[in-house]
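What you are looking at is a predicted structure, and each value in this text was computed from that prediction instead of being measured. In what follows, chains are A, B, ... by sequence order, proteins preceding strands, each numbered from 1.
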Amino acid sequence: MPSWQQITYSDQINADLTGSVVTIGGWVQETRNLGGISFIQLRDRKGIIQVTVLKKKDPALFKDITAIQRESVIVVKGVVKESKEAKKGFEVLPDEFEILNAAESPLPLGVIDKVGADLDTRLNNRFMDLRKESVRAIFRVRAVTLEGIREYLSDEGFLEVSTPKIVAAGAEGGATLFPIKYFDKSAYLAQSPQLYKQNLMASGVDRVFEIAPAYRAEASDTVRHIAEFTSLDVELAFIESSDDVMNVAEGIVHASLKHILKKAGEELELLGVDLPVPEPPYPRVTYEEAIDMLHSNDMSIEHGDDLGTEGEKLLGDIMLRERESELYFITQFPTSLKRGTFYAKRDDRNPELTGYFDLDYRGQEIVSGGQREHRYDVLVSQMRENDMNLQSFEFYLKAFRFGMPPHGGFGFGIERYVQKMLNLSNIREAVLYPRDRARLIP
RNA sequence: GCCCCGGUAGUGUAGCGGCCUAUCAUCCGAGCCUGUCGAGCUCGGGACUCGGGUCCAAAUCCCGACCGGGGCGCCA
C-alpha cells in the first residue's frame, strides 16, 4: 500500500485522473451488494467516493471487501473510472484494499441510519456523531466565527491575551465557582477574566481580548447553559461611555457574520440556515423602553423587574416584528439589577442607572458589558456595598491607584452566538464535548 | 435550588393492568439480485433501567434509586 502522502481525497478525483491508479482512504459508510456487483460508499474528510466491485473480476476480493463492517477504516487502491451512474460522476474500481481498523457491530450510533438519535446518545458517542457531515459543519462554522472575530479585533488594534484560569478569587457575585486544590492552597476555576482584563487596562495595552474557557458552577440545567463555555472577553480603555463598548460588540458581530457568509456558505447551506447579516447600527433600546414594550404586549412586568427569560424571548419577538431586527442592545440597566456587578460604572447624574447593556440575538442574551468604574474611591465603595473583602482583591484594586484610564468591555458567549446563529435547539450542539451539571464524560 | 415530564432491541419508537410469546422503523445475520445511491424481495435475530411493593395478574399502578428531557430562577 502507498504511503499516506499518496492518498487522494474524494474531491480530488476528476476527469484528469480517469484511467489512473489512485489510493483512497476513509470510512466504509455503506455497502450495497447486488450480487454480481457491489457498491461501497467510502467517506473521507471531503465527501463520498464510490468504490464499485465486480464479482466476476475478482471473486475473492469481492467477497472480502463486501464483508467489511460499515464504519471500518480502509484504504483502497484502484482505477478511476468515469461513470454517469455514480453520484460524483466517478468511481474507483479496486485492485486491492486493506482494513486499517475494523468497526465493531452494532454501532453505538448509526451515522446514516434513517432514524434519529437523542442528543444524549450522540454526545456519549461524539466521535461517531461527528462522522455526520452536518454535525461537523457546526464546528467548521464555529471555527470560521472565531477566525472572523480574531481578524476583526486584530484589525481594530486589540491584542489577544491569555489570563489565568486558576484563580484565587471570583470576579462576579452570583455566579458560583468551582473550587479546586492548588498545591497546598485552595483555588477556583476562573468564571471570567474580568479582573485581569481590567488590570491590563492599567498596563498601557489599552485594547485586549481573550477567547478562553470560563467555568460556572451554576445549577442551571437549560438548553443555553453549560458549566464550561468559551468566553470572548474584550476590554478597551480611554472610552467616553458604554457606547464606545457597544460599537465594538456590534462590530464583532457584523464582521463575523459577514466572514461566515463568505467562508462557510457551504456549511450554512448544509445546515439549512439562511443567515441574515443586519447592518449596524443595531437598535438600542433602554431597559425602561424594553419594559414599556413588554408591558404594551400584555406581559405583566414592572419597572425595576428583571426581564426574565419570558421577557427576553418576548422582546426578541417584538424587535423582530416591529423593528425587523434580530440583534439589538438593551441599554442603561438600572443599578438595582447590577448591584452585584460591583465594577459597573453608574451614571454620575443618576446613580440609579448604569451604562450596562446586553446584546440580544433572537431573544437571547449573548453579550453583556459596559463601562467600568475606574475611580478607586467609587469602586471601593461599590465593593463595600457588596460586603467584599477588599484585602483579597488587593491585586485588582492596586491598579486603580496608579493610573487607571476610563475603560469598559464585555463578555461574549461564543457557543450561545453559534447556537442562535444556526438555530440549534441546545447549546450542547455547539460544543464538541460539553460539560454540564451531569456530564463529565466524554 | 425549584417545578413538570420520561426511561421498551445497537438506534429511534408503539403499547400504559389480562388480548404482550411486546408494535413499527432502522440495524444485524442468511439467501436472491451486474448500476445501487431512502435499493428491492424472502427468511431469521435482538428490548420492557434497577430494587422494593400492590394485585389472582405488572412493560403498564405505587415508592425509592439511578439515568435522561423540558421549564423557571440565574447567566454568556
- Are the ring of A/F229 and the base ring of B/A76 both nearer than 5.5 Å at their centres and tilted by less than 30°? yes
- Task: For A/I112, report the nucleic acid contact type (base, sugar-phosphate, nothing); a contact means any heavy atom under 4.0 Å.
- Result: nothing
- Tell me which nucleotide among B/U36, B/G10, B/C74 gets nearest to the side chain of A/A86. B/U36
- Message: On the side chain of A/E91, is there an atom forming a donor-acceptor pair with the base of B/G35 - under 3.5 Å, no angle test?
- Response: yes
- Remember a base hit wins even if backbone is also touched, and classify A/K132 as base, sugar-phosphate or nothing at under 4.0 Å, heavy atoms. nothing
- Report which part of the nucleic acid A/L34 touches: base, sugar-phosphate, or nothing (heavy-atom distance under 4.0 Å, all strands). base
- Task: For A/D118, answer base if it contacts any base atom (sugar-phosphate contacts may also be present), sugar-phosphate if it contacts only those atoms, and nothing otherwise; contact means non-hydrogen atoms under 4.0 Å.
- Result: sugar-phosphate
- Task: Would you classify A/G116 as touching base, sugar-phosphate or nothing, given that sugar-phosphate means primed atoms plus P, OP1 and OP2, and contacts are heavy atoms under 4.0 Å?
- Result: sugar-phosphate
- Message: By nearest atom, which of the nucleotides B/C74, B/U36, B/U13 is closest to the A/E85 side chain?
- Response: B/U36
- Message: Nearest to the side chain of A/Q41, heavy atoms from C-beta on, is which of B/C75, B/U36, B/U26?
- Response: B/U36
- Query: B/G44 pairs with which nucleotide, Watson-Crick or G-U wobble, both distances below 3.5 Å?
  - Reply: B/C28
- Query: How far does the P atom of B/C16 sit from the matching atom of B/U60, given to the nearest Å?
  - Reply: 13 Å
- Message: For the P atoms, the ones on B/C24 and on B/A14, what distance do you get once it is rounded to whole angstrom?
- Response: 14 Å
- Side-chain-base donor-acceptor pair under 3.5 Å for A/T309 and B/G71: no
- Task: Taking the six-membered ring of A/F329 (Phe, Tyr or Trp), confirm whether the NZ or CZ of A/R284 is under 6.0 Å from its centre and within 45° of its axis.
- Result: yes
- State whether A/Q69 places a side-chain N or O below 4.0 Å from either non-bridging phosphate oxygen (OP1 or OP2) of B/G29. yes
- Query: Does A/K420 count as lying over the ring of A/Y361, i.e. NZ or CZ under 6.0 Å from the six-ring centre, within 45 degrees of the axis?
  - Reply: no
- Which part of the nucleic acid does A/S38 contact within heavy-atom distance under 4.0 Å: base, sugar-phosphate only, or nothing? nothing
- Query: How is A/N124 classified with respect to the nucleic acid when contacts are heavy atoms under 4.0 Å: base, sugar-phosphate, or nothing?
  - Reply: nothing
- Spell out yes or no: do the side chain of A/D113 and the base of B/G10 have one donor N/O and one acceptor N/O closer than 3.5 Å? yes
- Message: Between B/U26 and B/C63, how many Å separate the two C1' atoms, rounded to a whole number?
- Response: 36 Å
- Query: Hey, does the side-chain of A/T121 have a donor or acceptor N/O within less than 3.5 Å of a partner on the base of B/G12?
  - Reply: no
- Message: Heavy-atom nearest nucleotide on RNA chain B for A/I427 versus A/S105: which residue maps closer to 5'?
- Response: A/S105
- Task: For B/G7 and B/U54, measure between their P atoms and round to the nearest Å.
- Result: 24 Å
- Note on the structure: Between A/A67 and A/E415, whichever has its closest RNA chain B nucleotide further toward 5' is A/A67
- Query: Are any of A/N426's side-chain N or O atoms less than 4.0 Å away from OP1 or OP2 of B/G69?
  - Reply: no
- Could you go through the salt bridge (Lys or Arg N to Asp or Glu O under 4.0 Å) check for A/E151 and A/K263 one step at a time? CA-CA 13 Å; A/E151 196 176 286; A/K263 300 283 287 287; 5.7 Å; no
- Task: Sticking with atom P, work out how far B/U11 lies from B/G69, rounded to a whole angstrom.
- Result: 15 Å
- Message: Just the rounded figure in Å: distance from P of B/C41 to CG of A/N33.
- Response: 17 Å
- Task: Select base, sugar-phosphate, or nothing to describe what A/F39 touches, counting heavy atoms under 4.0 Å on all strands.
- Result: base
- Message: Suppose we call a contact any N or O donor and acceptor under 3.5 Å apart; does that hold for the side chain of A/S220 and the base of B/C74?
- Response: yes
- Query: Which part of the nucleic acid, if any, lies within reach of A/A214 when heavy atoms closer than 4.0 Å are counted: base, sugar-phosphate only, or nothing?
  - Reply: nothing
- Message: Between the base of B/U36 and the side chain of A/Q50, is there a donor and acceptor pair under 3.5 angstrom?
- Response: yes
- Message: Between A/E352 and A/R346 (salt bridge meaning N to carboxylate O under 4.0 Å), is one present in this structure?
- Response: no
- Complementary nucleotide for B/A59 - Watson-Crick or wobble, under 3.5 Å: none
- Message: Taking only the C1' atom of each, what is the distance from B/G38 to B/A76 in whole angstrom?
- Response: 41 Å
- Query: Who does B/G68 pair with, Watson-Crick or G-U, both distances under 3.5 Å?
  - Reply: B/C5
- Could you work out the separation of B/G45 and B/G10 based on their P atoms and round it to a whole Å? 16 Å
- Integer angstrom distance from the P of B/C62 to that of B/G18: 15 Å
- Query: Roughly how many Å is it from CD in A/E235 to C1' in B/A76, rounded to a whole number?
  - Reply: 15 Å
- Message: Please tell me whether A/Y417 and A/F412 form a close aromatic pair, meaning their ring centres lie under 6.0 Å apart.
- Response: yes
- Go through the N and O atoms of the side chain of A/K55 and the base of B/U34, and report whether any donor-acceptor pair is under 3.5 Å. no
- Could you state the atom-to-atom distance from CG of A/D221 to C1' of B/G73 in whole Å? 13 Å
- Report yes or no: is the cationic atom of A/K46 (NZ for Lys, CZ for Arg) under 6.0 Å from the centre of the six-membered ring of A/Y9, at an angle within 45° of the ring normal? yes
- In whole angstroms, how far is the P atom of B/U26 from the NZ atom of A/K114? 7 Å
- Note on the structure: Rounded to whole Å, CZ of A/R224 lies from P of B/C74 at a distance of 11 Å
- Choose from B/G35, B/C75, B/G73 the nucleotide whose nearest atom is closest to any side-chain atom of A/T222. B/G73
- Task: Write down the distance between CD (A/Q364) and C1' (B/A76), rounded to a whole number of angstrom.
- Result: 8 Å
- Indicate, with a heavy-atom threshold strictly under 4.0 Å, whether A/L54 touches base, sugar-phosphate, or nothing. base
- Item | Any donor-acceptor N/O pair under 3.5 Å between B/C75 base and A/E312 side chain | yes
- Item | Nearest-nucleotide pick for A/R216, side chain only, options being B/G1, B/G68, B/A76 | B/A76
- Task: Assess the side chains of A/E415 and A/T230: does a donor N or O sit below 3.5 Å from an acceptor N or O?
- Result: yes
- Query: Just checking A/K313: base, sugar-phosphate only, or nothing, at a heavy-atom cut-off of under 4.0 Å?
  - Reply: sugar-phosphate
- Looking only at side-chain atoms of A/E218, point me to the closest of B/G29, B/C75, B/U11. B/C75
- Task: With heavy atoms under 4.0 Å as the rule, sort A/R70 into base, sugar-phosphate or nothing.
- Result: sugar-phosphate
- Query: Parallel, tilted or perpendicular: which fits the ring planes of A/F393 and A/Y396, with parallel below 30° and perpendicular above 60°?
  - Reply: perpendicular
- Any side-chain donor paired with an acceptor under 3.5 Å for A/N426 and A/R224? no
- Over how many whole Å does the gap from A/L314 atom CG to B/C72 atom P extend? 13 Å
- Message: Students often get this wrong, so: under 4.0 angstrom with heavy atoms, is A/T230 touching a base, only sugar-phosphate, or nothing?
- Response: nothing
- Item | Heavy-atom donor-acceptor pair, A/Q382 side chain to A/F342 backbone, under 3.5 Å | yes
- Task: Let me know the distance between NZ of A/K56 and C1' of B/C33, rounded to the nearest Å.
- Result: 15 Å
- Task: Could you check which of B/G70, B/A76, B/G68 has an atom nearest any side-chain atom of A/E365?
- Result: B/A76
